[in-house]
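Structure, as C-alpha cells:
Throughout, protein chains are lettered first and strands after them, A, B, ... in sequence-line order, and every chain is numbered starting at 1.
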There are 2 protein chains.
Amino acid sequence: MLAHELDARKEQILWAVIREYVARAEPVPSEVVFQKYPLGVSPATIRSGMHALTEMGYLHQPHTSAGRVPTDRAYRLYVDRLLAAERGSASPEGGWRLSPAERDRIRRRLVAREVPEEALEEAVQTLASLTEYPSVASTPRGSRRLRHVHLVPLAEDRALLVLVAECGAAEQRVLRLERPASAEELEEVSRLVSRWLEAVAGQVQGESLERLAAQARSHRELLASVVAQLRRATAARGSVRFFVEGVANILKQPEFQDVRRARPVLAALDRQEVLRDVLLPAPPEVHVRIGRENPVDDMRDCSVVAAAYRVGGRAVGVVGVVGPTRMPYARTIALVRYLAQTLSETLSRAD
Amino acid sequence: MLAHELDARKEQILWAVIREYVARAEPVPSEVVFQKYPLGVSPATIRSGMHALTEMGYLHQPHTSAGRVPTDRAYRLYVDRLLAAERGSASPEGGWRLSPAERDRIRRRLVAREVPEEALEEAVQTLASLTEYPSVASTPRGSRRLRHVHLVPLAEDRALLVLVAECGAAEQRVLRLERPASAEELEEVSRLVSRWLEAVAGQVQGESLERLAAQARSHRELLASVVAQLRRATAARGSVRFFVEGVANILKQPEFQDVRRARPVLAALDRQEVLRDVLLPAPPEVHVRIGRENPVDDMRDCSVVAAAYRVGGRAVGVVGVVGPTRMPYARTIALVRYLAQTLSETLSRAD
DNA sequence: ACCTAGCACTCCACACTCGCGAGTGCTAAT
DNA sequence: ATTAGCACTCGCGAGTGTGGAGTGCTAGGT
C-alpha cells in the first residue's frame with residue numbers, strides 16, 4: 001500500500017492518468033494513455049497496471065466500462081514526488097518553471113504596493129487571474145510590535161486612536177473620553193505614548209503596559225483608556241482577516257457544474273472562521289491540502305495550495321488558492337510560491 | 001399598456017400571482033389563485049384575467065399548459081405601488097413593517113461599530129443573514145474633507161502618511177523621500193500640514209494645495225511629496241470600494257440552480273467596477289432595479305435593492321442586496337431601508 | 001515469466017416512445 | 001359578465017432499446 005510498492009511502470013501509468021485527467025476532466029481509458037504516453041507497452045498491459053493501481057487505492061473507476069480517475073491518494077503521492085523532486089530526486093513532471101513573462105507580470109503588479117492591504121488585494125487578484133481559482137490571503141498576523149501611535153480628536157467625547165504596526169498596517173480604534181479633552185492634551189498623550197513605545201521597542205505587553213498606565217500624572221483617565229484600547233488591539237490583532245478574490249472562478253470547473261457541489265465551497269469561502277481553519281496554521285514552506293486532507297468537510301472536493309509570506313524574515317501570513325483536486329499542481333505550486341515570495345519582498349521593502 | 005389600464009380585478013390577480021410566485025418559485029395556475037385568494041370569481045374568470053395580463057406583458061407563460069410567471073414589468077408595477085403606498089395610496093400588501101425584534105437585532109449589531117470599515121462589514125453581514133441574498137455596501141465616498149494628517153517614519157527613505165477623513169475612515173500612503181528625513185523633521189511637517197488643514201477647514205483642493213506647497217521654506221521637497229500624495233489620495237478617494245458578503249446565498253435560490261445562470265452574477269459581484277455601475281449613482285431614497293433595468297447585462301435575472309446611507313446628512317455611500325427578480329420586495333425594501341438608516345446613525349454618531 | 005491480441009462482457013449514455021397529468025382556452029349556457 | 005364543461009396542448013417521467021466505450025480475461029507468443 002505504500003509508495004515504494006509502485007514499480008516504475010505503475011508510476012508512469014499513474015502520472016499519465018493524472019496528467020490526462022487534469023487536462024480532460026474525464027475518466028482516462030487505457031487506450032488514451034497508450035496513444036499519448038510512450039510507455040512501450042500495449043493497452044492491455046496498461047490496463048493490467050491500472051487494475052492494480054485501482055486495487056491499491058490510487059485510481060478509481062466510476063463504473064465497469066469507464067476509464068480511471070485519480071484518487072486523493074494519487075494526487076498526494078504525485079505532489080510529494082513533485083516537492084521531493086525539487087530537492088533533487090527525479091520528478092514526475094521533469095520540473096516546472098514559470099515563464100519569465102509570468103514572473104514579470106507578477107512582479108509588476110506587486111512592486112508598487114507598499115501599503116499592506118493594497119499589496120494583499122493586488123496579490124489575490126493576480127493569483128486569481130493567473131490560476132483561475134478562488135484566491136485567498138490572510139492579513140499579516142500581528143507582529144505585535146507597534147511602530148507608531150497617535151490620537152486624533154474626533155468629537156467632544158471621542159478620539160481616534162491610530163495605530164501603525166511594524167509591518168506598516170494601520171488600524172483605528174475609537175476612544176470614548178470620560179471627560180472632554182483638548183487637542184493639546186491629546187497631542188501630549190500621543191507624545192507620551194510614543195516615547196514609551198520607543199522605550200519598549202514596540203513591544204506592547206502586559207507588564208510594560210502597566211508601567212505606562214502607572215506613569216500617568218495629569219492625564220490619568222485618558223491614558224487609562226488608551227492602554228485599554230492598546231490591550232484590546234493587541235489581542236484583536238491575533239484575529240486575522242482574509243482577502244478573497246475570484247470565487248466565481250470555481251464555477252468554471254466541470255466538477256462544480258452541479259450547484260450542490262459548488263455551494264458548500266462558496267459558502268466556506270464566505271466564512272472567515274472556515275478560512276482560518278483551512279489556511280492556518282501553515283508550515284512556512286508551500287503546502288498542499290488535497291481533498292479530504294482539508295480540515296473542513298465542505299472542502300472535501302477541493303485542494304488548497306498555500307504558502308506563507310514573510311515580513312522581515314518572519315512568516316506572518318498566508319496566500320493561496322482553492323481549486324478542484326484535479327489541478328495542475330506543478331504549475332499552481334510554482335505560482336503560489338513565487339507570488340508569496342514576491343509579496344514578501346514587497347512587504348519587507350516597506351520596512 | 002399603461003398601469004391605469006388595469007382594472008381592480010386584474011390588479012388583484014396580478015398581486016396574487018406575484019405573491020404566489022415569490023413563495024413557490026413555480027408558475028402559478030389559476031386554480032391556486034382561486035383557492036388561496038378570495039377574489040369572489042371562478043377559476044375560469046381568473047384565467048381570462050391572466051390571459052389579458054399576459055397579452056399586456058405583465059405575465060409570462062413558459063408553455064401552453066403551464067401557469068403564469070410575473071415579468072419584470074409586473075414587478076416594476078408592484079414595486080411602484082408599494083412605494084407609492086407609503087405615501088398614502090392603497091398598497092398591494094397593506095404595508096409591511098419589520099418586527100421590533102428584527103429592528104432590535106439590526107440596531108444591536110451596528111451600534112458599537114464606530115470605525116466605518118467595521119460598521120460597513122457588520123452591515124453587509126447583517127443584511128446577508130437577514131435577507132439570505134448577497135449583500136453589498138460601498139465605502140463612504142470622499143467627503144473630500146480631511147480631519148487629520150500625520151507623518152510616521154518608516155525607514156531611511158520612506159515615511160507613512162496617515163490620513164483621517166471626516167467620516168473617521170483612515171487611509172495610509174507610503175511616501176518616498178528623496179533624502180532621509182529625521183523624525184523631528186517629519187513631526188514638524190505634520191504640524192505644518194495640520195495647521196494648514198485647520199485653516200482650510202479640511203478642504204483639500206487645487207488652489208489651497210498650491211498655497212501649502214508654496215508655503216514651504218525649509219522642507220521644500222518633503223512638503224512637495226506630501227502635497228503630491230494628498231492630491232493622489234483626494235483623487236483616489238473618489239474611487240469607492242465595496243464590501244460584499246454572502247455571495248453563496250444566491251445559489252440557494254431555485255432560479256440559480258443552473259450554474260450557467262449563477263456564474264455571471266457571481267462573477268459580476270466579484271468585479272468592483274461592475275458593482276459601481278450597478279449600485280452607483282443611487283438616488284438618496286431606497287431604489288429598486290428589476291431584471292433588465294440593471295445597467296449590466298449579467299444581472300438581467302437579478303433585482304437590486306439599495307439605499308444610500310448618510311454621514312452628517314450627506315448621502316456618502318450605498319448598501320443593498322442582489323437577489324433574484326422573484327423577491328419579497330416589501331420586506332427586502334423595509335430591511336434595506338432600515339439598515340441604511342441605522343448605519344447612517346451609527347456613522348454619524350462617530351462625528 | 002511477462003506481454004499482447006482478441007474477444008466476451010458490462011454498463012452507461014442517449015434516443016425514442018408513450019401515457020399521464022396539468023393547465024389552459026374556447027364555447028355554450030346562465 | 002360569469003361560469004361549467006371539455007377538448008386540446010404540452011411537458012415530464014418512466015420505460016425501453018441500442019450503440020459504443022472500455023474493461024477483464026484468456027490463450028497463445030516471445
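- Of the listed residues (A/Arg326, A/Arg68, A/Lys36), just one forms a salt bridge (Lys or Arg N to Asp or Glu O under 4.0 Å) with A/Glu20, and that residue is A/Lys36.
- Screening B/Val244, B/Ile250, B/Leu251, B/Asn249 for a side chain to side chain contact (heavy atoms under 4.5 Å, CB included) with B/Val247, the sole residue that qualifies is B/Val244.
- Under the 3.5 Å distance criterion, with hydrogens and angles disregarded, a donor-acceptor pair is assigned to the side chains of A/Tyr329 and A/Ser303.
- Relative to the ring axis of B/Tyr58, B/Arg73 places its NZ or CZ within 45° and under 6.0 Å from the centre.
- For the pair B/Leu77/B/Leu6, a side-chain contact is recorded, criterion being any heavy-atom separation below 4.5 Å from C-beta on.
- Look at NZ on B/Lys10: it is 12 Å from C1' on D/dA1, rounded to the nearest Å.
- DNA chain C is contacted by A/Val41, A/Ser42, A/Ala44, A/Thr45, A/Arg47 of residues 41-51 of chain A, taking any non-hydrogen atom closer than 4.0 Å.
- In the displayed structure, A/Arg337 atom CZ is contacted under 6.0 Å by more than 12 heavy atoms of other residues, nucleotides or ligands.
- Contact annotation: B/Arg9 reaches the phosphate of D/dT2 (side-chain N/O to OP1 or OP2, under 4.0 Å).
- Relative to the axis of its first five pairs, the axis of the last five pairs of the helix from C/dA1-D/dT30 to C/dT30-D/dA1 sits at 20°, rounded to 10 degrees.
- Taking the charged nitrogens against the carboxylate oxygens, A/Arg260 and A/Asp258 do have a contact shorter than 4.0 Å, which makes a salt bridge.
- At a threshold of 4.0 angstrom between heavy atoms, the contacts of A/Ser65 include nucleobase atoms, whether or not backbone atoms are also involved.
- Along DNA chain C, the stretch of nucleotides lying under 4.0 Å from any heavy atom of chain B spans, 5' to 3', C/dA22 to C/dG25.
- Between the side chain of B/Asp298 and the main chain of B/Ala267, no donor-acceptor pair closer than 3.5 Å is present.
- Within the nucleic acid shown, A/Glu31 has no heavy atom closer than 4.0 Å to any nucleic acid atom.
- With hydrogens and angles left out, the side-chain atoms of B/Tyr338 and B/Glu102 include no donor and acceptor closer than 3.5 Å.
- The neighbour count for A/Arg24 CZ, taken as heavy atoms of other residues, nucleotides or ligands under 6.0 Å away, is above 12.
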